[in-house]
Trainee: 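Dropping the structure in here first, questions after.
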Amino acid sequence: MITNSSSVPGDFYQLPPVDNSGQPKFCFLAKSWNKVIENTVVLKQVFRQKGDNEFIDMLNNVRVGNLNYETIEAFQKLDRQINYTDGIEPTQLYPTLKEVLMANQAKLNSLPGKVYTFQAKDPENPFLVSMLDNNLMVDKVLHLKTGAQVMCVKNFTDELVNGTLGTVLFMATRKLYMKFLEQYVYIDAEDQAALAEMRFVCNRIGESGGFTDQEKAFFDNIPLQRQSFIQSCCHLASQEFESTVLPVVNFSITGRGKQVVMVEKEEFKIEKAGQKSTTSSFENTGNELVREQLPLILSWAMSIHKAQGQTLDRVKIDLGRSFANGQAYVALSRATCKSRLEIKNFRKDKVKTSEHVRKYYESLG
């Protein structure tokens with residue numbers, strides 16, 4: 001829904017805004033609404049599920065709370081396990097942030113190897129940092145391991161976009177990554193022998209001592225024609241710093257296969273117009289707040305709130321814990337199609353809509 005040429009409030013059927021009292025406050029309930037908003041336009045064309053008219057109709061019924069027997073039965077048929085052959089799991093959507101943190105941490109802990117921590121570059125003012133935390137997908141602190149499942153949260157190309165899932169292959173410095181490309185031409189995520197060699201080298205970053213017995217045994221098993229190259233890579237790795245490592249991610253591009261990319265830090269900006277602060281430093285930071293961080297988040301789990309606006313290729317939802325108006329609709333409508341959507345505990349009582357919102361849209365005709 002677009003209210004005028006410069007403001008896009010979005011869909012009021014999604015998760016409602018909540019003030020400090022804990023009660024939803026809709027802008028269209030304000031006495032000044034009709035005085036300020038001259039034109040209201042309702043957008044009806046669907047792009048996320050384009051081509052799947054049955055799924056679109058099902059989601060529209062959930063959106064407005066009009067659940068007939070056919071719709072309920074159709075959603076309940078999606079209660080099954082989908083097996084993916086590329087090793088990337090569906091993103092599990094949870095109602096609360098606590099559940100998300102616990103699920104992602106448990107998955108990260110289950111992986112072997114070292115944890116790498118990536119700290120965002122933020123303003124020094126804690127108030128501004130809290131604004132960034134509340135408005136950005138990227139985290140202030142991101143913990144990664146080799147094998148971690150991640151989601152890209154920025155558009156880079158027509159194929160590598162916000163919502164693309166991938167797996168961390170290894171951590172490398174820029175110099176090491178370029179040296180690998182010189183030798184292997186490109187990083188083949190299916191070449192396990194080459195990946196093992198690159199991981200072996202990257203584990204030597206900042207290490208100036210000799211090989212351990214385990215490392216020596218691995219090195220001796222490398223084909224002789226590549227031992228000299230690996231030796232030179234290890235020498236370069238010993239001169240590099242762990243603080244400069246970046247993740248090399250194998251992204252799964254829907255319908256296009258895989259794409260391996262070294263992911264660099266990016267700037268994420270929000271407007272601070274209309275915000276107030278008692279600190280003088282707030283006024284001295286320009287019109288934008290900036291966080292510099294890797295454009296990645298752990299993607300085993302995500303909160304329904306943070307998923308608003310996201311397009312997810314594969315989704316898993318348990319509606320048994322759904323409690324808020326619009327929560328079920330937001331979660332279900334993140335999926336692009338029924339074939340990659342798993343749903344548990346779909347029940348009529350778990351689909352909640354606001355009476356205020358329903359009456360507002362009915363008034364538009």
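We count residues from 1, following the sequence as given. Please read these numbers as outputs of a predicted model, since none were measured by experiment. Computed over heavy atoms, backbone and side chain alike; hydrogens, waters and symmetry mates excluded.
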Trainee: Can you find a pair of side-chain heavy atoms, one from L169 and one from R199, that are under 4.5 Å apart?
Mentor: yes

Trainee: Test your reading of the model: is there a side-chain donor-acceptor pair from R291 to the backbone of V138, 3.5 Å cut-off?
Mentor: yes

Trainee: With rounding to the nearest 0.5 Å, note down the distance linking CG in L298 to CE in M151.
Mentor: 10.5 Å

Trainee: Other residues, nucleotides and ligands only: do more than 12 of their heavy atoms fall within 6.0 Å of CG on D158?
Mentor: no

Trainee: Could you point out which residue of E240, E242, K179 forms a side-chain hydrogen bond (donor to acceptor under 3.5 Å, both in side chains) with T173?
Mentor: E240

Trainee: Please tell me whether V249 and V161 are part of a single hydrophobic cluster in this structure, the criterion being side-chain heavy atoms less than 4.5 Å apart.
Mentor: no

Trainee: Report yes or no: do Q310 and N162 form a side-chain donor-acceptor pair below 3.5 Å?
Mentor: yes

Trainee: If you draw a 6.0 Å radius around NE2 in H143, do more than 12 non-hydrogen atoms from other residues or ligands fall strictly inside?
Mentor: yes

Trainee: Working to the nearest 0.5 angstrom, can you tell me the gap between N60 CG and N66 CG?
Mentor: 10.0 Å

Trainee: Between F211 and F200, is the gap from one ring center to the other below 6.0 Å?
Mentor: yes

Trainee: Taking all heavy atoms of G309 and all of R48, pick out the closest pair and write down the distance.
Mentor: O-NH2, 3.7 Å

Trainee: Hey, does the side chain of K140 reach the backbone of A120 with a donor-acceptor pair shorter than 3.5 angstrom?
Mentor: no

Trainee: Is it true that a side-chain atom of R63 and a backbone atom of N61 form a donor plus acceptor pair closer than 3.5 Å?
Mentor: no

Trainee: What are the two closest heavy atoms between P123 and L132, and how far apart are they?
Mentor: CD-CD1, 3.5 Å

Trainee: Are R340 and D313 ion-paired here, with the side-chain N under 4.0 Å from a carboxylate O?
Mentor: yes

Trainee: Using a strict 4.0 Å threshold on nitrogen-to-oxygen distance, state whether E197 and R226 make a salt bridge.
Mentor: yes

Trainee: Tell me whether L341 shares a hydrophobic cluster with V62, the cluster being built from Ile, Leu, Val, Met, Phe, Trp, Tyr side chains joined at under 4.5 Å.
Mentor: yes

Trainee: Give a yes or no answer on whether the side chain of K154 reaches the backbone of L296 with a donor-acceptor pair at less than 3.5 Å.
Mentor: no

Trainee: Looking at R204 and E215, does any basic side-chain N land under 4.0 Å from a carboxylate oxygen?
Mentor: yes

Trainee: Walk me through whether E89 and K107 qualify under salt bridge (charged side-chain N to carboxylate O under 4.0 Å, His left out).
Mentor: CA-CA 11 Å; E89 302 176 27; K107 287 285 189 178; 3.1 Å; yes

Trainee: Is it true that the side chains of E182 and Y177 contain a donor and an acceptor less than 3.5 Å apart?
Mentor: no

Trainee: Under the 3.5 angstrom rule, does the side chain of S252 hit a backbone N or O of G166 as a donor-acceptor pair?
Mentor: no

Trainee: Can you name the nearest heavy-atom pair linking E264 to L294, along with the distance?
Mentor: C-CD2, 3.8 Å

Trainee: Mark yes or no for whether E99, through its side chain, and T96, through its backbone, hold a donor-acceptor pair below 3.5 Å.
Mentor: yes

Trainee: Is the cationic atom of R314 (NZ for Lys, CZ for Arg) positioned less than 6.0 Å from the six-membered ring centroid of Y84 and within 45 degrees of its normal?
Mentor: yes

Trainee: Which pair of heavy atoms, one from R80 and one from S339, lies closest together, and at what distance?
Mentor: NH2-O, 3.7 Å

Trainee: K145 side chain to L108 main-chain N or O, any donor-acceptor pair under 3.5 Å?
Mentor: yes

Trainee: Within a reach of under 6.0 Å around CD of E190, are more than 12 heavy atoms found that belong to other residues, nucleotides or ligands?
Mentor: no

Trainee: Within the supplied structure, the quantity of interest is the number of heavy atoms (other residues, nucleotides, ligands) at a distance under 6.0 Å from E73 CD; does it exceed 12?
Mentor: yes

Trainee: Does any non-hydrogen side-chain atom of Q227 lie less than 4.5 Å from one of Q231?
Mentor: no

Trainee: Applying a strict under-4.5 Å side-chain criterion to I, L, V, M, F, W and Y, I'd like to know whether F251 and Y186 cluster together.
Mentor: no

Trainee: Distance check, rounded to the nearest 0.5 Å: L111 atom CG versus Q149 atom CD?
Mentor: 10.0 Å

Trainee: Backbone N or O of C337 within a donor-acceptor pair of the D52 side chain at under 3.5 Å?
Mentor: no

Trainee: For Y116, is the NZ or CZ atom of K114 found under 6.0 angstrom from the centre of its six-membered ring and inside 45 degrees of the ring axis?
Mentor: yes

Trainee: I'd like to know if E355 pairs up with R358 as an ion pair, taking the criterion as any Lys NZ or Arg NE/NH1/NH2 lying under 4.0 Å from an Asp or Glu carboxylate oxygen.
Mentor: yes

Trainee: Flag the pair V248 / V261 as yes when at least one side-chain heavy-atom distance between them is below 4.5 Å, and no otherwise.
Mentor: no

Trainee: Which residue is it: Y361, F26, Y329? I am looking for the one with a ring-ring contact (aromatic ring centres under 6.0 Å, His included) to Y13.
Mentor: Y361

Trainee: Calculate, to the nearest 0.5 Å, the distance between atoms CD1 and CG belonging to I88 and L165 respectively.
Mentor: 5.5 Å

Trainee: Can you see whether F118 has K265 sitting over its ring - NZ or CZ less than 6.0 Å from the centre and within 45° of the normal?
Mentor: no

Trainee: Under 3.5 Å, side chain of Q49 to main-chain N/O of A335, donor-acceptor pair present?
Mentor: yes

Trainee: From R334 CZ over to L93 CG, what is the distance, rounded to the nearest 0.5 angstrom?
Mentor: 9.0 Å

Trainee: Does F170 reach the side chain of C202, with side-chain heavy atoms less than 4.5 Å apart?
Mentor: yes

Trainee: Would you indicate whether the side-chain heavy atoms of L332 and F346 approach each other to under 4.5 Å?
Mentor: yes

Trainee: So, D133 and S130: side-chain donor and acceptor under 3.5 Å apart, yes or no?
Mentor: no

Trainee: Flag yes if more than 12 heavy atoms outside K352 fall under 6.0 Å of its NZ atom; otherwise flag no.
Mentor: yes

Trainee: Decide if atom CG of D213 counts as having more than 12 heavy atoms of other residues, nucleotides or ligands within a radius under 6.0 Å.
Mentor: no

Trainee: Verify, without hydrogens or angle tests, whether K269 (side chain) and E288 (backbone) share a donor-acceptor contact under 3.5 angstrom.
Mentor: no

Trainee: Answer with yes or no whether the side chains of N325 and T353 bring together a donor and an acceptor at under 3.5 Å.
Mentor: no

Trainee: As an exercise, state the distance from CG of D349 to CG of L319, rounded to the nearest 0.5 Å.
Mentor: 10.0 Å

Trainee: I'd like to know whether the aromatic ring centres of F12 and Y360 sit less than 6.0 Å apart in this structure.
Mentor: yes

Trainee: State plainly whether one hydrophobic cluster holds both I304 and V351, where clusters connect Ile, Leu, Val, Met, Phe, Trp and Tyr through side-chain heavy atoms under 4.5 angstrom apart.
Mentor: yes

Trainee: Does a side-chain heavy-atom distance below 4.5 Å link C233 with F180?
Mentor: yes

Trainee: So do the side chains of F219 and I230 get within less than 4.5 Å of each other, counting heavy atoms only?
Mentor: yes

Trainee: Any side-chain heavy atom of K258 within less than 4.5 Å of one from V260?
Mentor: no

Trainee: Going hydrophobic residue to hydrophobic residue with side-chain gaps under 4.5 angstrom, can you get from L142 over to V115?
Mentor: no

